[in-house]
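FYI, side chains are in, hydrogens and waters are out, and symmetry mates aren't considered; it's all heavy atoms of this structure. Letters A, B, ... are given to chains in the order of the sequence lines, protein chains preceding strands, and every chain is numbered from 1.
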Protein chains: 2
Amino acid sequence: MIRSFNPPVRTLMGPGPADVHPRVLAALARPTIGHLDPAFVTMMDELKDLLRLAFRTENALTMPVSAPGSAGMEICFVNLVEPGDEVVVCINGVFGARMKENIERTGGIPIVVQGQWGRAVDPNQVEETLKAHPNARLLAFVQAETSTGASSDAQTLAEIAHRHDCLTIVDAVTALGGSPLEVDAWGLDAVYSGSQKCLSCTPGLAPVTFGERALEKVRQRKTKVQSWFLDLNLVMGYWSGEQKRTYHHTAPVNALYALHESLVMLAEEGVEQAWERHAHHHRALRAGLEALGLELIVPVDERLPQLNSVAVPGGIDEALVRSRLLQHYNLELGAGLGDLAGKIWRIGLMGYSSRPTNILLCVGALANELSALGHRTDAGAALEAVRTVLDQKTPAP
Amino acid sequence: MIRSFNPPVRTLMGPGPADVHPRVLAALARPTIGHLDPAFVTMMDELKDLLRLAFRTENALTMPVSAPGSAGMEICFVNLVEPGDEVVVCINGVFGARMKENIERTGGIPIVVQGQWGRAVDPNQVEETLKAHPNARLLAFVQAETSTGASSDAQTLAEIAHRHDCLTIVDAVTALGGSPLEVDAWGLDAVYSGSQKCLSCTPGLAPVTFGERALEKVRQRKTKVQSWFLDLNLVMGYWSGEQKRTYHHTAPVNALYALHESLVMLAEEGVEQAWERHAHHHRALRAGLEALGLELIVPVDERLPQLNSVAVPGGIDEALVRSRLLQHYNLELGAGLGDLAGKIWRIGLMGYSSRPTNILLCVGALANELSALGHRTDAGAALEAVRTVLDQKTPAP
């Protein structure tokens, strides 16, 4: 007989899910109501307002997709790409490659800007590619590469795209709530994210926002959207505030309570304050890691504060370290993916995980385990380096 | 400033979501762990075993899709249908029509067996259609039509399909855990369901099961599956127990805790006992409704016990009644959809909602509100009719 599952209590410092705040878990467990209940509809309207605040946009079509971030990616491509469309796609990690898969599966023609793993997308390379492919009308790129911790300059890339009469599809899964993202000020057209990163909600939802130019492109389609579940025309019938709600699918009611609560917390803190907190804690973690002799693989001005890719020292079995951290301290770090598998750890400081306690635990635990495996470190110096940075309270922006 | 959302406490007797048991809500709020955590992987294996028990199958590919029931439908069609394929689809309500949409969007050619709303699918009509379309290799139908409360004979339909060398895609969203469903004994090939009906879990997950014949068809595809998110080959890399888990998407960790708990509860009760409970409580509700002078629209031997479609008496504004029930008693009933909009109420007795307290509340509240609107009823007789049936304890099967 299988019994109730009681998970171990972990500290989540991988690439997501991040630690979920107790307020969010409590919201998750509130009584389920119907997805057409008037009280639920009010909550949905608030949720859209809160997401607009997080995305820094006035876009009417701003809502959570009832599925994980990968479905957020897919809703952008299946609605904006039609068979035969050329789409320029930047690949500098796992998620750019997944975008290419999405383009192919919608019948589009991907034109790849091949970048380096662990580096930002190169705007000059993008400009050259757009010049060489004047028929392309879409540029797709990852702002915050979750597989490497590299941050690309979304503002510049969007500006280049628009100069070449292209719309942008932007992966902001790891960015939202953790580092600057300005959907309206930067003119991003279709942006998707995930609930389980810097929003510190449970995994399973994909916030998205579509600007007017993107919607116009959807309206001009000659073919039906290939996915019924992800057809924006139908999804909006349920999420739109302007008309009577039309049943589309049964919304994940409790998951939406949780997202609502996590966004209320973001609004209470302030979006810019949350960005600054992530940056501040990144500096503290980095000081500690460097004092341990560890190196971040992404160049300093291309780093995401919320996701730190650390080179595994020579002679160290990275999986063994992660396994010991989990066993001894209930601490989860992330492994490398793709080209970086076995070579890096990914240390997340996302949302509720971005706090002094976690930084101290991570640096202290790494110091202990590396020492135990024969890699000499100075734990005292590392912890003090963390403390020194934490004491440098940066003024709020 | 938007504040935390505190939902009203409802009794959910619509077509789903059903009342969620406190044990399931408690499971939902347990601490989030990583989707690749060894403890989580153990839980996933248990979840697959529990789903096999509920579906009555040995199918290796049995798992929850990380999205609502509509995505469960879509995973069946995008994997099993290729452009140009003829698919026979039975339409006797909203969800058969949605299946047709899915077939069209995957490039398949739907051949419709048009049935009546509120009636079972007619096996003779299916047989004639299959004879007339010898190239069709798939038969799609809804076992439990959530929009009408009609139950179709899945065993007979599957037997006819196989005789014509067709596989079956079966919608069991409302059936699973509530009324007989025998995936292996009836030879059903691809079956999808939802978490929020008779399993009494929160909405957002779609349990599916695929038999060996269906998998062979997926393996023989000439084209890539059009959805990356729903490509079975990729999804299985994460859910399969036979190989190393490959990251596909971030699983909705807490939602899966909840589904696990709801299935543990089903296993504790026993699947057949749960079916019998739903049947018993259906008889009690029906006695009460009939004593109020209300009629069920589905013929007696085609009725689902867990979803009761009741004709709205002449002169009664059905939406007003539902609104008053919600306002006065926090009781949610469902409206009609499509052809039946405005004509019926849908009263669900699903999962944890299928209990004596709910039946009594529903019959008593309907009696009061109908009386208040000038439709004379005998509440005392109706409640006694309920009690009489509840006292007739049927022996366990």
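With a 4.5 angstrom heavy-atom cutoff, B/A335 does not touch chain A via any of its atoms. Using a 4.5 Å cut-off between heavy atoms, A/R98 touches chain B through its side chain atoms alone. With a 4.5 angstrom heavy-atom cutoff, B/L326 touches chain A only via side-chain atoms. Looking at A/I33, the atoms closer than 4.5 Å to chain B (heavy atoms on both sides) sit in the backbone and in the side chain alike. In this structure, chain B has heavy atoms under 4.5 Å from both the backbone and the side chain of A/A39. Of the atoms belonging to A/V65, not a single heavy atom falls under 4.5 Å from chain B. Proximity to chain B (any heavy atom under 4.5 Å) is shown, for A/L36, by neither the backbone nor the side chain. With a 4.5 angstrom heavy-atom cutoff, B/L28 touches chain A via backbone and side-chain atoms both. Contacts between A/L234 and chain B at a heavy-atom distance below 4.5 Å involve the side chain alone, from C-beta outward. Contacts of B/Q226 with chain A are made by both backbone and side-chain atoms, with heavy-atom separations under 4.5 Å.
Listed here is the closest heavy atom pair of B/P17 and A/G34: CG-CA, 4.0 Å. Across all non-hydrogen atoms, the minimal contact from A/H249 to B/S70 is CB-OG, 3.4 Å.
Atom CG of A/L47 sits about 10.5 Å away from atom CZ of B/F5, to the nearest 0.5 Å.
Per-residue heavy-atom pair counts under 4.5 Å with chain B were compared for A/F95, A/F40, A/F77, and the maximum is reached by A/F95. Among the candidates B/G204, B/P68, B/P31, the residue making the largest number of heavy-atom pairs closer than 4.5 Å to chain A is B/P68. Per-residue heavy-atom pair counts under 4.5 Å with chain A were compared for B/V9, B/N102, B/T106, B/D37, and the maximum is reached by B/D37. Top candidate by heavy-atom pairs under 4.5 Å with chain B, chosen from A/A267, A/P8, A/G16, is A/P8. Among the candidates B/E74, B/E104, B/E101, the residue making the largest number of heavy-atom pairs closer than 4.5 Å to chain A is B/E74. Interface remark: of the candidates B/L230, B/D231, B/V78, B/L205, B/D231 forms the most heavy-atom pairs closer than 4.5 Å to chain A.
Residues from residues 19-26 of chain A that place a non-hydrogen atom less than 4.5 Å from a non-hydrogen atom of chain B comprise A/V20, A/R23, A/L25, given in numerical order. Residues of residues 256-265 of chain B lying under 4.5 angstrom from chain A, judged on non-hydrogen atoms, are B/Y257, B/H260, B/E261, B/V264 by number.
When side chains are defined from C-beta on, B/Q196 does not count as touching A/V253, because their heavy atoms never get closer than 4.5 Å. By the 4.5 Å heavy-atom criterion applied to side chains, B/P203 and A/T32 are counted as neighbours.
Annotation for B/R221: atom CZ counts as buried by contact number, over 12 foreign heavy atoms lying within 6.0 Å.
Residue B/I2 is tested with A/E46, A/E268, A/M43 for a side chain to side chain contact (heavy atoms under 4.5 Å, CB included); the sole match is A/E46.
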